[in-house]
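Report on the structure given below.
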Amino acid sequence: MAQLANIGELLSMLDSPTLGVRDDVTTIFKESLNSERGPMLVNTLVDYYLETNSQPVLHILTTLQEPHDKHLLDKINEYVGKAATRLSILSLLGHVVRLQPSWKHKLSQAPLLPSLLKCLKMDTDVVVLTTGVLVLITMLPMIPQSGKQHLLDFFDIFGRLSSWCLKKPGHVTEVYLVHLHASVYALFHRLYGMYPCNFVSFLRSHYSMKENVETFEEVVKPMMEHVRIHPELVTGSKDHELDPRRWKTLETHDVVIECAKISLDPSEASYEDGYSVSHQLSACFPHRSADVTASPYVDTQNSYGGTTSTPSSTSRLMLFSPAGQLPQSLSSPSTRLLPEPLQATHWSPSMVCGMTTPPTSPGNVPPELSHPYSKAFSTTGGKGTPLGTPATSPPPALPCPPDDCVHGPSSQATATPPRKEERADSSRPYLQRQQYLLNDRGLEDPPASKGSVTLGNLPDFLGDLASEEDSIEKDKEEAAISKELSEITTAEADPVVPRGGFDSPFYRDSLSSSQRKTHSAASGTQGSSVNPEPLHSSLDKHGPDTPKQAFTPIDPPSGSADASPAGDRDRQTSLETSILTPSPCKIPPQRGVSFGSGQPPPYDHLFEVALPKTACHFVSKKTEELLKKVKGTPDEDCVPSTSPMEVLDRLIEQGADAHSKELSKLSLPSKSVDWTHFGGSPPSDEIRTLRDQLLLLHNQLLYERFKRQQHALRNRRLLRKVIRAAALEEHNAAMKDQLKLQEKDIQMWKLSLEKEQDRYSQLQDQHDTMVTQLHSQIRQLQHDREEFYNQSQELQTKLEDCRNMIAELRVELKKANNKVCHTELLLSQVSQKLSNSESVQQQMEFLNRQLLVLGEVNELYLEQLQSKHPDTTKEVEMMKTAYRKELEKNRSHLLQQNQRLDASQRRVLELESLLAKKDHLLLEQKKYLEDVKSQASGQLLAAESRYEAQRKITRVLELEILDLYGRLEKDGRLRKLEEDKAETAEAAEERLDCCSDGCSDSLVGHNEEASGHNGEARTTRPSGPRASCGGRSTGGSSSSSSELSTPEKPPSQRFNSRWETTVGEPSGSIPTTVGSLPSSKSFLGMKARELFRNKSESQCDEDCVTGSSLSETLKTELGRDSGMENKTPFNLDASHPSSPNSDSVGQLHIMDYNETHQEHS
Amino acid sequence: MTDDSQRNFRSVYYEKVGFRGVEEKKSLEILLKDDPLDIEKLCTFSQRFPLPSMYRALVWKVLLGILPPHHDSHAQVMAYRKDQYSDVLHALTVVRFISDATPQVEVYLRMYQLESGKLPRSPSFPMEPEDEVFLAIAKAMEEMVEDSIDCYWLTRCFVKQLHSKFRDSLPQLPKAFEQYLNLEDSRLLSHLKTCSAVSKLPYDLWFKRCFAGCLPESSLQRVWDKVVSGSCKILVFVAVEILLTFKIKVMALNSVEKITEFLENIPQDSSDAIVSKAIDLWHKHCGTPAHSA
């Protein structure tokens, strides 16, 4: 509770006149709002606001943060339900919504929206309706997706209100209806822009009803003339329109612009599409304008340099030209000068401030920011007007203290003075031109203005002004300016009007205005009242004709409303002024300041800021466009239907005019006097009407401001794009420069390349020449070489010749040498011979001497002999001869003997060698013999072994045969046993003995008997079986056929036994058996012989020697049978195999040389 | 010798470095080129070097007297041998000792018996130990020699040589074996003695059959090279080496039967190494026969 009380105190303190306290309290509230979450504080604030309309509270409420939005909306919803508070709460809602709080998306879900819609459907108060519709229009682009639920509500509201416009239910004032019409028009635009398909279908269905046809004809149809076909009607569908996705990408201002795009109403339409073109066209405009204006206004420019008041007035004139149009036409210039400030109070705040204030969060923008902005402004060459402007002035809606407002412009003024100067230079003439235009218009218009008496005729009356209304919005303003410009051009082209006449008074007027300003507006009126008398008269004429009764009631309150700020009254006290203050609050202090200090009016720079180069460029473009239009359709001015906006504008203008007219009748100082003084106490309902009107106007104003903010937002974005494009262009330019540089480089390179090529070609030439030179040299050298080669060949041939010669010479030399050697040899031989001959000569001499000596001796001896024995000489001689003969004989004999010896010796040698050879031969022969012998022995051994094997084979075969015989015999015996059982008793006994004696192992006991029988049978008859027995026995024992063939030989079992013994004694008996044949006489023997003849015949022949011995053995065996048995023959048998061996060895030994020799020796 | 000039002088160094058999084939070819073959030299060669397998049959035939030393008479003698073989074979077929179904080894045996006059009366008579030996040797020989005639002759002469030439030395071999085993490894011998297995070692298999059936033919023929060339002592060293090689196993066995059984069925995989070592051992103890003895 204490806190509540505290709040109450604080609330009261909020409205305290001291700024500091206000700020403090505001901050306190904000902090408490931040800390507290409950709805109480918000509720209290809303209540307080509804009570007092306090601006700080409004400020607080409009800047509420997230958690409190629900409370605020709930509270508003609550109050909307109550009829009493509806209007004020709707205005509060409008304030809140226009600032686009961060929680604006919640509006669609809040219960406030349905209740608002309900209110709009139900309420009958025009003011509330207008306010509510405006709020709704403002909200619609923020919550586009809510259309889905409430679309029909919107359409219903539209239908209801549109019919209201026509039907005027109840006692609705027509003035209100103008406002309502305007708002419905706006709603139409919005709905058509946002939901075209649905809206069109609604229109189709709604106005197809008969009762609504009239409404359609009167109200809706004219509206439809101001829109073009929405592209969505072609491409979209009802559902698609309501699709939230469609709205997701669009911001609020996007939606607003979207709606503006489809509008044909120049006051509404957006020219965004053509914006980019304006840049190119813009450049030429200032020059042109300068050209046009330069000559006449050189002096004025000079004068402007010093004075400041004139520009302000002119600028004001220009700016308020749409507004001033009527006054101009109705009243004299002198009077028109007077209402200027008043009009300014009316319009300039909204226009100038609105133009220059930032649309969002203006309070946050510090004034210092103007510096960078202005810098940017100055550097970018005026393109950034919208950028520069926001910082220059505080927000109009912001209930800021006057100081701030002053600061804004002043700082701006200080921040951009140099820029401003230029701007002023460029723009002032232009503005002055406008003034002239206005003057021209003022002269021209009266006839037309006379026609526009009634409200219904207003469009006709103001047909030419169609494009100039609603100067709040920049576009519109520009459009208006362009329109004016176009008219200027036409005016220039039109020689009918003498310009100079109008120039001079205005010129003077502007010159003198400086003094006028310093004093008061009254002096201005005095000075200016001289000229425009006709205008005044025209107004006078106009006055009675027009149904001014309708307007007159407006005049006094408007005048009072204007007057109150003009007189710098306490706005806080009066409710109307307080409502109005948001917009005009800035202007009064400014004006006051300007009045007080004598400074030029602040609009000046504001205006300059508001009309930067871009604007000018844009304007110029528009101008051109419009020029074309004007030329093409001169009747455009007389547009058949005017939009409700224009109607409203005109209403306002007219109200202003009326007001100014009223004021002009008063003395200036009387302005400060309480307005009751001038009209007495006005009727209360009029006051109410006026208040409502004011309120409506204010609402309209706020709505327009909101639109402007959206546009400003858009502009910013576009500007960003522009800047980016510019940056890109610069980048492009830089790239181009680079390209150029690179091209230059390339050219340089090309040049150098050419140089290099030249150099290269030169070098090539040099090289070629060098090559040719070298080639020639080479050729020469080759030639030389060939010559040399020839020479060398010649020389070689010579050399060859020389060599040949040398060889020949050498041969000759050799020959000579040989000869020399030969001769030397000969010489040596000769010398030897010589020496020999010499020695022989010496010997000869010696021998000769000896011979001589011997001769002498011989002579001596002869002498002696002759002297001694001459008789014996004969004998001696005889003997001598005998001796000689004998000696010779002996000698010859000896010689013979020697010769014989030699011969014999030689013979001996020969024989010896022969002997050796023979020995050698013998040895070789021996070796060879040995060799052959060994070879033969080898072969013999092999043959021997083969032979042995053969013998063994035969033995085995014989064994086999004997075995077989044995079996046969056994069979035979068995047969005989049957035949001769009785007759063999003794023989059997004898046989038994024999058997026991010899036969033991091989023959069975059964055989014994048989053998016994055999023996007896043999003894008795030696045929058949006995022969077989004998054959067997002979086969076993003997090898000779001759002996064995004797049939008388007793076949006995002893042979068998002997057989056994021989088997047991293989070494002895084997050779004997080999080659043996059975007896030829016996049958089986013959057969066996035939069988083995081929193999053993030769052996039988060979072994004939052994045969005899074998026969002996047989005999001995037979003998043994009779008891004189001896075993010696076996020995003989045993010796047999060795004997042939020894024989053969001996035979082989015969071959042996040595052994034979030994044998022989 | 004149042959030496033809031999590669490096052959001595080959042996020094350890390459064996590099020059042997060549030198053997040189030896075989002599017209009357020098039996002595062939003997020495065979004792000293392993014979190349392509000349083994020829050398053996020459050494065993199947072929005379003269090349000229080889063909004729061989024809005799062939005739003899076919005659004997024919005779045996006639007396129905053998048939086509008779195993070749038995055929050899019957032929041998026939030629030595020991042919039993009936083929069904039980075999004598001698015949078993012959069969084992013939079996081994059959593996070594392809031709049946050669095989028969080699077997026959080999057995004959065993019976004639080594008749005296064969019974001495067990003693020699004991002696050399004592030299090489007395512990093993003592182990055998403690097991009283010395007298029961498979001497028949070793010395009478000359390891036929004990060693694989590939290594056996290397042993027989020596035997054919007149040295039966190699058998002793082979036996010693077998014991040395399987010493660990033999030492592990304690009973006579097991030792005998093991020695009768020694693993065949290491036989080559055994034979090589045995030959080395033989050379070591008996000295390498002089090259030109």
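The figures here come from the full heavy-atom set of this structure, side chains too, leaving out hydrogens, waters and symmetry mates.
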Working to the nearest 0.5 angstrom, can you tell me the gap between A:R955 CZ and B:L114 CG?
9.0 Å

A:K918 atom NZ: more than 12 heavy-atom contacts under 6.0 Å:
no

Looking only at non-hydrogen atoms, find the nearest pair between B:E115 and A:A949 and report the distance.
OE1-CB, 3.7 Å

Of the non-hydrogen atoms in B:Q84 and A:S945, which two are nearest, and what is the gap between them?
OE1-OG, 3.0 Å

Top of A:L941, A:L964, A:V956 for chain B proximity - count of heavy-atom pairs under 4.5 angstrom:
A:V956

Listed by residue number, which members of residues 92-109 of chain B have a heavy atom under 4.5 Å from any heavy atom of chain A?
B:V94, B:V95

Who in residues 56-83 of chain B is close to chain A, using a strict under-4.5 Å heavy-atom cut-off?
B:P68, B:H70, B:D72, B:S73, B:Q76, B:V77, B:Y80, B:R81, B:D83

What closest approach, in Å, do B:A91 and A:I953 show between heavy atoms, and which atom pair accounts for it?
CB-CG2, 3.1 Å

